[in-house]
Amino acid sequence: MHRYIPLTETEKQQMLRAVGVSSMEDLFASIPASLRLKRPLCLPEPLGELDVERRMTELERQNVEPRLCFLGAGAYYHHIPAHVGQLASRSEFLTAYTPYQPEVSQGTLQAIFEFQTMICQLTGLDVANASMYDGASATAEAMLMANRANGRGTFLLARSLHPEYRQVCRTYAANLGFKLVETGSTPQGTTDLDAAAATAGPDLAAIIMQSPNFFGCLEDWSAASALAKKHGALSIAVVAEPLSLAIAKSPGECGCDIAVGEAQSFGVPISFGGPYLGFMAALDKHVRNMPGRLVGQTVDRNGRRGFVLTLATREQHIRREKATSNICTNEGLCALMATIYLATLGRHGLRDLAVLNLSLASYARKTIAASKTLRLRFHAAGFNELVVELRGPAAPAHRKLLDKGIVAGLPLGGFYPELSRCLLLYVQETTRKEDIDELVHELDGLDS
Amino acid sequence: MHRYIPLTETEKQQMLRAVGVSSMEDLFASIPASLRLKRPLCLPEPLGELDVERRMTELERQNVEPRLCFLGAGAYYHHIPAHVGQLASRSEFLTAYTPYQPEVSQGTLQAIFEFQTMICQLTGLDVANASMYDGASATAEAMLMANRANGRGTFLLARSLHPEYRQVCRTYAANLGFKLVETGSTPQGTTDLDAAAATAGPDLAAIIMQSPNFFGCLEDWSAASALAKKHGALSIAVVAEPLSLAIAKSPGECGCDIAVGEAQSFGVPISFGGPYLGFMAALDKHVRNMPGRLVGQTVDRNGRRGFVLTLATREQHIRREKATSNICTNEGLCALMATIYLATLGRHGLRDLAVLNLSLASYARKTIAASKTLRLRFHAAGFNELVVELRGPAAPAHRKLLDKGIVAGLPLGGFYPELSRCLLLYVQETTRKEDIDELVHELDGLDS
Amino acid sequence: MRIEEKLIFEKSRAGRVGYAVPSTTVDPVDPSAALGPYYREDIPGFPELSEPEVIRHFVNLSKLNYSIDEGMYPLGSCTMKYNPKINEKMAAKEGFAGAHPYWPPELVQGCLRVMKEVEYGLCDISGLDAFSLQPAAGAHGELTGMLMIRAYHKSRDENRDIVLIPDSAHGTNPSSAHIGGLKVQQIASNARGRLDVESLRKHLSPKVAALMITNPNTLGLFEDEIGRIAELLHAAGAQLYMDGANMNALLGKVRPGDFGVDVLHINLHKTFSTPHGGGGPGSGPVGVKTHLEPFLPVPVIVDEAGRLRLDYSRPESIGRVRAFYGNFGMVVRAYTYILSLGSEGMSAISEAAVLNANYLRVKLMERYHLAYEGLCMHESVFTDKRQAASGVTTMNIAKRLMDYGFHPPTVYFPLIVSGALMIEPTESEPLEELDRFVAVMNTIADEAQTNPDIVKNAPHTTPILRLDETRAARTPVLRWRPENR
Amino acid sequence: MRIEEKLIFEKSRAGRVGYAVPSTTVDPVDPSAALGPYYREDIPGFPELSEPEVIRHFVNLSKLNYSIDEGMYPLGSCTMKYNPKINEKMAAKEGFAGAHPYWPPELVQGCLRVMKEVEYGLCDISGLDAFSLQPAAGAHGELTGMLMIRAYHKSRDENRDIVLIPDSAHGTNPSSAHIGGLKVQQIASNARGRLDVESLRKHLSPKVAALMITNPNTLGLFEDEIGRIAELLHAAGAQLYMDGANMNALLGKVRPGDFGVDVLHINLHKTFSTPHGGGGPGSGPVGVKTHLEPFLPVPVIVDEAGRLRLDYSRPESIGRVRAFYGNFGMVVRAYTYILSLGSEGMSAISEAAVLNANYLRVKLMERYHLAYEGLCMHESVFTDKRQAASGVTTMNIAKRLMDYGFHPPTVYFPLIVSGALMIEPTESEPLEELDRFVAVMNTIADEAQTNPDIVKNAPHTTPILRLDETRAARTPVLRWRPENR
Ligand SMILES: Cc1ncc(COP(=O)(O)O)c(C=O)c1O
Ligand SMILES: Cc1ncc(COP(=O)(O)O)c(C=O)c1O
């Protein structure tokens, strides 16, 4: 008897009789005997809960938590109010399936409708879907969507777009005959849109640009949108740290057609890279090309407002190979967490938090600028990330600080060989002034 | 604006107008001005949630968790399945009041009814209440109850009853003219019932005896009950570690009239001593003398089964100074946790767990017996606690082991000066064989 | 929605298991051999379920409850305010929830610090000099206070054993006095809903140990003659005990210690936002002026240059009222709350709580009879007088509220108001919720005139309908029995 | 119960706050100066609520949902089994939930170990040689598999771009193939509800990259000719892809790797008990035989004498299908589950799941038309044929089940069965719940005859009644707008 399985031996016998077979063995008769596994699996014995916890705690302790961490780069630690997790883990949310049966799923449906609205508000666009797997795959899906919209196959990707997002675009594009062109950055740290303009042509499907970009610099989506428009192409905004949208111009205000990104920042634990929360928003005119689920408002038999999954003819379970995407299970619960988080922070709190992040980054910039050996690599306006340049190679410096319990951001040489002396640093609301001082002091002292 | 208080400034003004006063100040006009506090409180500034967490984490870190702990003595660490806390913290249970309005409180009421039943099953008695503050105050209340039942004022308390329980009985009895007589133990570690018999007389109200007693030894409730009966007195059983009841004879089987105790063992965190879960059960004939709330079964207008608080005429809100007790708020949520815990362990699991505890204690006994310098102080049959005697004083030995991260139980000299070379040790399901070996080894080595 | 949930015992099936015993490397012992005559074979009828069934059972039970987290819970005298979720998280911290009460003080400085800081905070808020956090609830605090007062008088060789208690008091007041071995004399309230000072004066005697007063009282009114009352009592050698269950209205505005109170208990599960848990646990710290400090329960936490220790050697102490140090988990929650609110927040609470209460008072006065006129504090008390003509009672109104998605107010208390409806919104309610409550109450007032039966037979939409309480008491069924299956 | 809950935006009131920004000692920056032309003033219409209101909103929303923790959720193909609570606790452990994906490997050996152990466990269970945990859900795993197969053929200079898919397949199968740049050809099922081998043979060609088969298939039937099918495919130079969404029926009984499967994805959010969360997150690990290992997504976790590292330099890899390493939180839950069940437990699952499904099959056959006769695996598919005469459809039956407290089965899928009712109870259901379901289904069958309207107009007791889906699609309202207030 296993604690997760209610059937008792007596019941099993009774049920086998009802089914008309004489043994468990016979129940599996439709599997040809020749194929059957004739030995037990190699997995160990079942464990009781205490033993499971012991094992998991052992594994947890094989991790080492640094004392200070300045690492963002697409996965952003933010403080999460206690109730976000408590509410999202209510059985009714946690253990419900996709809301295919709206009459018994209004909780999930309304929450997603609210999520869609918040994403629209943040991105300044008309319509948002119920979530995508993550920011990277959402970016790839935006690429496919642009291709559906204008039939073209050339994409301009800012090189300052998260390197893993670019990799995912390449993977998705592998068999589709697309051309992915990367555009470098100016010394200021933003995309060289003049260079981009030079390569753009009539086969341009879309420009894909992230802001704040991977270096933490704000990009000029308006200029990118103008360039895209000139060529009849779409402008796709990518946002990996959407807290920035509380104080930075939205994709919608900048003339973008589509905004995609990662909303893990909004109340989703950093959890070694997943589950996260891809999002996608677009102008109304693109809605039928959008991938993913959409919740819409309607009324019931009595005229009362209610919510349902809608425009399903875009989706795989109706359209099969002609669907806008293969996505089915998405990141619903993470979307709920973000909705709770955003409802809590609200119009004022979100802004206050963004300003705090900005203030800390600004202090970090100043402190770096005032140091002996360090310099800011890029001077474009930014949000809560920045790139610091050391006199020597960054990777060994990073390792030295690790010995002191400090994760000094991300050494950039792996993704950008030309930035091998640079570290990408992230600060946020739990970063204290002293932490920044210590980091800069330690980095500054390495050279002496 | 504070995040917990919804009213905005505008709303406050609007409401003040509706109330017909012109300022917040005027709203408090019924407090004489001379009494009013004319300065702010000295409490610090309000903190946001992150700052609160930081402060609490600082305080948490001022605690030091020992590596190994062999301490029970009335507060019993047991592993708690994850879902106990998760279910009990559902808003519907956690943030409901006492179920005065049964139509919207059936969840709480039915759970308490189930709790009452489980306590009856465990104690072998007829009726149990909805909980008491803790084991100690429940014992004192049992004393008051016996006095109500037979009007007598002399109580025989086993000296092996938890010292703090005895103190609480004395505090409660302070102004009531009761006589509390303590009866010592035999060298075996159990109450000297012959000595008790010698002191018992016609004014004997009740014999109060704990099993397993404070030294971990099983007491002979049957003999105590026989003695009480002989004098027309009541037999009160106290149980501080009710896991024992899974394999040890129940108070009911031993002829006790009342059983009280502490059910913290059943899924309630050890939490530095509280909140815990006092319980009380009794024979049917005593029900009208019982303190505390009782949930009873009834039917609704349509004949459907439902539950209500009942026999309230015993209680303070009806009977005021003539009530059986002043208790109002009890330990409802802890009772719920225990109910969930017991439902999970169930008929088999509870027994298996008790046997495991017993087996570990038995191993500890054997290991101690085989040691060079240690000996078991008491040889009566026990459950998961035992008393070890060192060659020298126990308190310094205890301190020495503390330096090695081991809490070697409780030095008994404080409560029992004659046991100043003794430690009360507790083992349970998370104790490993190696832990016992290490403890015995360390204690054994002290002398050399 | 499933509205019927069988008893856990009825769901039990022989052979099901919901638990796997932990592994061990020690040899199993035969319990019958080890326990001999004490051995017990089995617990017949004890439940046997798998884990998923246990989960469903309690999830489905929970759905039959109403809770603050769903809507207003205007139980007068209960201060059903928002219970912040961060409090729960802090109390569950392994360092706190996992600390054993008998660990030596050097291991638990964090726990002791939390307790001490709450004591300091309560002193600041109440104007008293020292607190004990040992009592497990309000009534337990009352008992502790009574015992201390009695011990105090005894220490001065005075045999005072009478406690004066207003007729509006909560039932625990007289009961706690009685359990503590004191005699109760009841003092009438005056027409203004306050303690009648003349009547008090008449009761004063050398036998009087204390007056036990609730302020604001259970009518939601501030005892505005409290200064005079304290003088009279002290002049007569008696002590002033205050039931601080309604402290929510006073936070940052006025301090009991400043108006003559000698002993006070506070309910952390009311004013300090710890959840009520369907009946507890609570926490009822008791505070005293300096002259009563020696009588506090042991142990007392002593702060010595930042190091905390437990002091047990206090010869005049009343002893203990329970094991260990109190409902520590509730104290952690209260401390979290105090940190979250701070000085400013405390005043903001009392202001919003009193404003909400007065707003409801003036709005409900239009259709319901208000027991006592004038500004109220945290709550106000109405009656069913204006509905009486149609035969609609307070109980009917209470039950009808359920049909509209509200928990009823406290009913038929205080006892001095016939058909009392005692309404305390707390500071946690948004204006819309108050307005919605008023609208529903007005609808019920309409119904009482136009369709009284719908009110009298309420509730109609709850999981279960009106229950037969008489039957429950007359033929008590207080437990399930195996033979019921 | 409150059954209507306004939108969060409608509850918003100007000036309310639910959050206090953390303290800092750095100077605040003026964002408009710092951001210059990029500065944004405000987000109009963004909600403003206090914390208690936020809590109530989501608690009340939750109450409008049905969930596994309340009762049976017999959605065919979805494996709505019990989601153990311990899984949640383990995933929330600070050491796991707080680990950054770019921390150097020496800091995250614990995380990597959890992942590696799940890979090993899945290999053992499936008989495949290597797994990637990167895909975020089943469909994502399918896409990954398709890309690997295509890359494999390319690496052998074969331009195979056709994928054969049975007509009973889940919609994600053809869609994933298409998104991966492959062409889909549909294969008919035979009268036994299995893939028609003759038809398969006819479709085989040098252009065929793979067959994508689901086993047990969506009719709940084991593809008993799978051995033959694998042979045919391999002989034709094509790969066998298996959609492992229905692995629950096979655990410990038969391994895809042993019957010729080259690539397989498994849904941790089905077979391995991670909660479905109202739509996700899931996790769709993809497993391969050795010849496909070089094509796995990067990074791959390499176990070097107990030390784990991430290997990125894999020239033949298809690259990444998402950022970082997959839905790690789900992997922690799955590992917890694997530890809890062990080898024995895995067989116990498949046995109970298949027994429950067959029990329902034989019981429901009495009143409902079973699409395909004979022993089923984890689920069985019925139709509304026998109810058609009274005009009662599958949708009506589904909605009527809600009135009796059940979530409906999967409806109108698979597409090859007209009016399909696809019922998968999983191993988590107790016999009583199955019997109750059968009883309710029988009642509905009765009602279909005696009172069809009550079935056709169902549901009657849900928080909201039958919704107008046509209207939702015709005039889409996909977001709230400030002007709606
Ligand atoms: C005024 C008053 N005094 C005392 C009490 C008793 O408090 P407790 O229930 O915590 O024992 C209450 C609680 O209902 C109360 O309202
Ligand atoms: C047979 C089958 N294949 C594939 C999928 C898709 O899995 P996911 O929703 O995780 O993308 C499902 C899930 O609904 C399924 O039932």
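As the structure is a prediction and not an experimental result, all values here were calculated from the model.
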What part of D:Glu51 lies closer than 4.5 angstrom to a heavy atom of chain A: side chain, backbone, both or neither? side chain
Selection from D:His170, D:Lys363, D:Glu106 maximising heavy-atom pairs under 4.5 Å formed with chain A: D:His170
Okay, A:Phe28 and chain D: the region with an atom under 4.5 Å from a heavy atom over there is side chain
Any side-chain donor-acceptor pair under 3.5 Å between A:Glu114 and D:His57? yes
Has the side chain of A:Glu331 got a donor or acceptor atom that lies under 3.5 Å from a matching backbone atom of D:Gly280? no
So for D:Arg361, is it side chain, backbone, both, or neither that comes closer than 4.5 Å to the heavy atoms of chain A? side chain
Name the region of D:Pro44, side chain, backbone, both or neither, that has any atom closer than 4.5 Å to a heavy atom of chain A. both
What part of D:Asp161 is in contact with chain A, defined as an atom under 4.5 angstrom from a non-hydrogen atom: side chain, backbone, both or neither? neither
Cation-pi between A:Lys249 and D:Tyr38: NZ/CZ under 6.0 Å from ring centre and within 45° of the ring axis? no
Regarding A:Thr57 and D:Lys93, is there a side-chain donor-to-acceptor distance under 3.5 Å anywhere? yes
Where the side chain of D:Asn65 meets the backbone of A:Thr108, is there a donor-acceptor pair that is under 3.5 Å apart? yes
Let me see the working for D:Phe96 and A:Phe272 under ring pair (Phe, Tyr, Trp, His ring centres under 6.0 Å), right down to the final yes or no. CA-CA 7 Å; D:Phe96 297 139; A:Phe272 204 52; 9.3 Å; no
Listed partners of D:Phe259 passing ring pair (Phe, Tyr, Trp, His ring centres under 6.0 Å), at least two apart: D:Phe222
Can you tell which part of A:Asn330 gets under 4.5 Å to a heavy atom of chain D, answering side chain, backbone, both or neither? both
Look at D:Met80, D:His100, D:Glu469, D:Met346 and state which one has the largest set of heavy-atom pairs under 4.5 Å with chain A. D:His100
I'd like to verify something: which residue of A:Arg399, A:Glu253, A:Lys433, A:His162 has the highest number of heavy-atom pairs under 4.5 Å with chain D? A:Lys433
Is there side-chain contact between A:Glu164 and D:Phe324, with at least one heavy-atom pair below 4.5 Å? yes
Under the 3.5 angstrom rule, does the side chain of D:Asn327 hit a backbone N or O of A:Gly274 as a donor-acceptor pair? no
To the nearest 0.5 Å, atom CG of A:Asn326 lies from atom CG of D:Leu143 at 5.5 Å
Would you mind reporting whether D:Asn83 and A:Leu94 have side-chain heavy atoms less than 4.5 Å apart? no
Given heavy-atom pairs under 4.5 angstrom as the criterion, report whether the side chain, backbone, both or neither of A:Asp134 touches chain D. side chain
Using heavy-atom distances under 4.5 Å, tell me whether D:Arg322 contacts chain A through its side chain, its backbone, both, or neither. both
Between the side chain of D:Asp69 and the main-chain N/O of A:Ser91, is any donor-acceptor distance below 3.5 Å? no
Under 4.5 Å, counting heavy-atom pairs only, tell me which of A:Lys12, A:Glu262, A:Glu429, A:His83 racks up the most with chain D. A:His83
Side-chain contact, heavy-atom cut-off 4.5 Å: A:Leu41 with D:Arg255? yes
Would a distance-only check, ignoring hydrogens and angles, find a side-chain to backbone donor-acceptor pair under 3.5 Å from A:Asp300 to D:Ile464? no
Does D:Asn358 use its side chain to pair, donor to acceptor, with the backbone of A:Leu27 at less than 3.5 Å? no
Pairing residues for A:Phe307 by the ring pair (Phe, Tyr, Trp, His ring centres under 6.0 Å) criterion, not counting sequence neighbours: A:Phe113
Testing the basics here: between A:Tyr133 and D:Ala137, what is the closest heavy-atom pair and its distance to 0.1 Å? CE2-CB, 3.7 Å
Looking at side-chain heavy atoms only, is the closest gap between D:His140 and A:Ile327 below 4.5 Å? no
Go through the atoms of D:Val29 and report whether side chain, backbone, both or neither lie under 4.5 Å from a heavy atom of chain A. both
Determine whether a donor-acceptor pair (N or O, by modelled atom type, separation under 3.5 Å) exists between the side chain of D:Asp258 and the backbone of A:Leu35. no
Per-residue contact mode, D:Ser62 against chain A (heavy atom under 4.5 angstrom): both
Shorter than 4.5 Å, heavy atoms on both sides: which option in A:Met15, A:Gln297, A:Gln106, A:Gln116 has the most such pairs with chain D? A:Met15
Taking atom CD of A:Gln121 and atom CZ of D:Phe9, what is their separation to the nearest 0.5 Å? 4.5 Å
Would A:Thr171 and D:Arg320 count as a side-chain hydrogen bond (donor to acceptor under 3.5 Å, both in side chains) here? Give the steps. CA-CA 6 Å; A:Thr171 302; D:Arg320 299 186 148 277; over 6 Å; no
Begin with the C-alpha distance, continue with both residues' side-chain angles, and end with the deciding distance and a verdict on side-chain contact (heavy atoms from CB on, under 4.5 Å) for A:Leu122 and D:Phe46. CA-CA 9 Å; A:Leu122 286 164; D:Phe46 216 68; 4.0 Å; yes
Between CD of A:Gln316 and OG of D:Ser175, what distance do you get to the nearest 0.5 Å? 6.0 Å
Determine, stepwise, if the pair D:Asn457 / A:Arg301 fulfils side-chain contact (heavy atoms from CB on, under 4.5 Å). CA-CA 9 Å; D:Asn457 295 323; A:Arg301 279 205 297 142; 4.1 Å; yes
Going through the distances and angles, do A:Thr117 and D:Leu478 end up as a side-chain contact (heavy atoms from CB on, under 4.5 Å)? CA-CA 8 Å; A:Thr117 303; D:Leu478 304 174; over 6 Å; no
CD/A:Glu53 to OG/D:Ser340 distance, rounded to the nearest 0.5 angstrom? 10.0 Å
Give, as side chain, backbone, both or neither, the part of D:Pro430 having an atom under 4.5 angstrom from any heavy atom of chain A. both
CG of A:Leu71 to CH2 of D:Trp103: how many Å apart, nearest 0.5 Å? 8.5 Å
Contact class of D:Val26 relative to chain A, heavy atoms under 4.5 angstrom: both
Trace of the side-chain contact (heavy atoms from CB on, under 4.5 Å) decision for A:Tyr363 with D:Thr24: CA-CA 11 Å; A:Tyr363 177 77; D:Thr24 186; over 6 Å; no
What option among A:Leu245, A:Ile436, A:Val21 has the most heavy-atom pairs under 4.5 Å with chain D? A:Leu245
With chain D as the partner, which of A:Thr430, A:Asp126, A:Thr339, A:Thr313 has the greatest number of non-hydrogen pairs under 4.5 Å? A:Asp126
Can you tell if the side chain of A:Leu43 reaches within under 4.5 Å of the side chain of D:Ile125, non-hydrogen atoms only? yes
Between A:Thr329 and D:His276, a side-chain donor and acceptor under 3.5 Å: yes
If you count heavy-atom pairs under 4.5 Å with chain A, which of D:Ser347, D:Ala151, D:Pro297, D:Gly326 comes out on top? D:Gly326
Which value, rounded to the nearest 0.5 Å, describes the distance between A:Gln101 atom CD and D:Thr462 atom OG1? 10.5 Å
For residues A:Glu92 and D:Leu61, determine if any side-chain heavy atom of one lies less than 4.5 Å from a side-chain heavy atom of the other. no
Return the option, out of A:Ala75, A:Pro40, A:Ser362, with the maximum number of heavy-atom pairs under 4.5 Å with chain D. A:Ala75
